[in-house]
Protein chains: 2
Amino acid sequence: MASSDPVYLRVVADIRRQIVDGSLPPGAPIPSRAQLTRKYGVGETAARHALRVLAAEGLIVGRVGSGHYVRARPVLLPLHRWRFPDHHAPFGADIQSQGARATWEWRAEQAEAPPEIAQRLRLDDSAPVTRTRYVFRGDGKPVQLATSYEPAEFGEPAPEDTSRGLISRLSALGVKVTEIVEQVYTRVPQPAESDVLALPAGVHVLHVERTHWSGERPVETSDIVIPGDRFRLVYNHPLPS
Amino acid sequence: MASSDPVYLRVVADIRRQIVDGSLPPGAPIPSRAQLTRKYGVGETAARHALRVLAAEGLIVGRVGSGHYVRARPVLLPLHRWRFPDHHAPFGADIQSQGARATWEWRAEQAEAPPEIAQRLRLDDSAPVTRTRYVFRGDGKPVQLATSYEPAEFGEPAPEDTSRGLISRLSALGVKVTEIVEQVYTRVPQPAESDVLALPAGVHVLHVERTHWSGERPVETSDIVIPGDRFRLVYNHPLPS
DNA sequence: GGCGGCAATTTGGAGCTCCAACTTTGCGGC
DNA sequence: GCCGCAAAGTTGGAGCTCCAAATTGCCGCC
């Protein structure tokens, strides 16, 4: 930390160091604004800004009227992507495995494929697709938002399909899924997503773009949004012998 | 956006809306602080704070002396996890596939397993392990930081091993890797990581905990840190027929 | 000893101001 | 017509202040 750096970064760096090296354990109170100004000899603005930066980094949380506290490193629950334990596992099996009761809401509707989805499904722009939106919950708490797109020709999923899984359903239609491709990245949640997932400020989401393939043909693609502060994705990859 | 919300959020919401709906395209200038105070009838503080929030979200960038501009949505380059194109692909193959020249530095050393690593490798605490740190670059730009741990009995990797891949090397030692498990989550980078990866403020990283298994025995585990603003992870999963 | 309410503290929103460093623009002179 | 410099505009750091809402601890009363 060069001495030419802004003073508020000096405060940030010092507190951060204490948090990561454990001298400020989870739950420990951070000095208040007034205390910081005295301790570091900086102005209110710098003290306040330092606390804001640390809060944005997720290292501390502020409680109005009480103070700032070191945030407990959250336990990141595993979400097993596919093969849990097999491809025909019912919806929410991975959530249930955490001892939580899995529930979900969904609604299917006909729509025109937006450009990006059309590309992913190798359809023409505005081709008819079935869009199904899901909200998954574990013990009532929202866990995943998903929007799934299929070519309209497969029809809408029936209510009982959602507990059976996509692969079984497509199989019944004579479509054999041969490969799943998932692309994972992280991004800032959109306001609507923060709302539904009840995300605290500063939390990112994991975004999974999943496509089911039948040979060379994409038969379903979906966008899955997962709170980045509560979950990690688990990918198993058995090697051929 | 309820009217009871803080005023700065009103400004944030309005500008964000214009960015996501495209009326402010990438590169477009955002009104300056002075203009915002007039346009929305708010104080300097609120205008400034709104810009800061949008910048933290990654939607805009500020350029000192010039103004704030809508950030171009970065293209997220794919990093193909395993099978690229086969398990024996050389290091950096996925980076090369992007037309970039892959280079890396690494250093191996003996160490005592920290508690978490010991647990992942099913060793006793402080058991001897070989720790190898890597920095991967594509066209000189840092792409991945990785720290790999193996039981010390496998010895240190030789220079030529790093271009051959772990699976070949273990195979030569008579250890057959049967499964790879990757756990993916997102988090805030540590200062050292921001440094090496040259991360702009507010960018998260993808953290991959990877373990190579030989039957029931973990034979290697590593922590891989990837800039979240430039890459997405791609997982292929062929289904058994 | 227990309980209720008040006062002190704390966060977070919001306002205003000054300044250094940098970019952009436009004007004047060559 | 072009170059260079000065002025104007902009960001980002930093300071101070006031206030509403919430929490917490303490004091006094029953």
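Below, chain A is the first sequence line, B the second, and so on; all start at residue 1.
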- Message: Under 3.5 Å, is there any donor-acceptor pair linking the side chain of Arg33(B) to the base of dG12(D)?
- Response: yes
- Could you tell me whether the phosphate oxygens of dG13(D), OP1 or OP2, come under 4.0 Å of any side-chain nitrogen or oxygen in Tyr8(A)? yes
- According to the interplanar angle, ranging from 0 to 90°, do the rings of Phe136(A) and Trp104(A) count as parallel (below 30°), tilted (30 to 60°) or perpendicular (above 60°)? tilted
- Task: Name the orientation class of the two ring planes belonging to Tyr185(A) and His207(A) (parallel below 30°, tilted from 30 to 60°, perpendicular beyond 60°).
- Result: parallel
- Query: Nearest nucleotide by nearest heavy atom, which residue falls closer to the 5' end of DNA chain C, Gly65(A) or Arg52(A)?
  - Reply: Gly65(A)
- Item | Spacing between Glu44(B) atom CD and dG13(D) atom P, to the nearest angstrom | 14 Å
- Please determine if a side-chain N or O atom of His68(B) lies less than 4.0 Å away from the OP1 or OP2 oxygen of dG12(D). yes
- Query: Between Gly41(A) and Pro31(B), who's closer to the 5' end of DNA chain D by nearest nucleotide?
  - Reply: Pro31(B)
- Query: How long is the line joining NE2 of His49(B) and P of dA14(C), in whole Å?
  - Reply: 8 Å
- Item | Length of the CG-C1' vector between Leu54(B) and dG12(D), whole Å | 16 Å
- Positive for side-chain hydrogen bond (donor to acceptor under 3.5 Å, both in side chains) with Thr221(A), one of Arg120(A), His212(A), Arg210(A): Arg120(A)
- If you measure from the Lys or Arg side-chain nitrogens to the Asp or Glu carboxylate oxygens, is any gap between Arg131(A) and Glu150(A) under 4.0 Å? no
- Find the distance Arg48(A):CZ to dG12(D):P and express it as a whole number of Å. 19 Å
- Is the NZ or CZ atom of Arg81(A) positioned over Tyr235(B)'s six-membered ring, under 6.0 angstrom from the centre and within 45° of the axis? no
- Message: Expressed as a whole number of angstroms, how long is the span from Leu36(A):CG to dT10(C):P?
- Response: 11 Å
- Message: At 4.0 Å (heavy atoms only), tell me whether Ser66(B) reaches a base, stays on the sugar-phosphate, or touches nothing.
- Response: sugar-phosphate
- Task: May I have the distance from Leu51(A) (atom CG) to dT10(C) (atom C1'), rounded to whole angstrom?
- Result: 11 Å
- Euclidean distance, atom CG of residue Asp5(B) to atom P of dG12(C) [Å, nearest integer]: 16 Å
- Message: Less than 4.0 angstrom between a side-chain N/O of Ser32(A) and OP1 or OP2 of dT9(C), yes or no?
- Response: no
- Message: What is the separation between atom OH on Tyr69(A) and atom C1' on dT9(C), rounded to the nearest whole Å?
- Response: 11 Å
- Message: Among dA14(C), dG15(C), dA21(C), which nucleotide has an atom closest to any side-chain atom of Val64(B)?
- Response: dA21(C)
- Task: Give the nucleotide from the list dT17(C), dT10(D), dT11(C) with an atom nearest to the side chain of Ala34(B).
- Result: dT10(D)
- Looking at every strand, decide which applies to Arg63(A) at a 4.0 Å heavy-atom threshold: base, sugar-phosphate, or nothing. sugar-phosphate
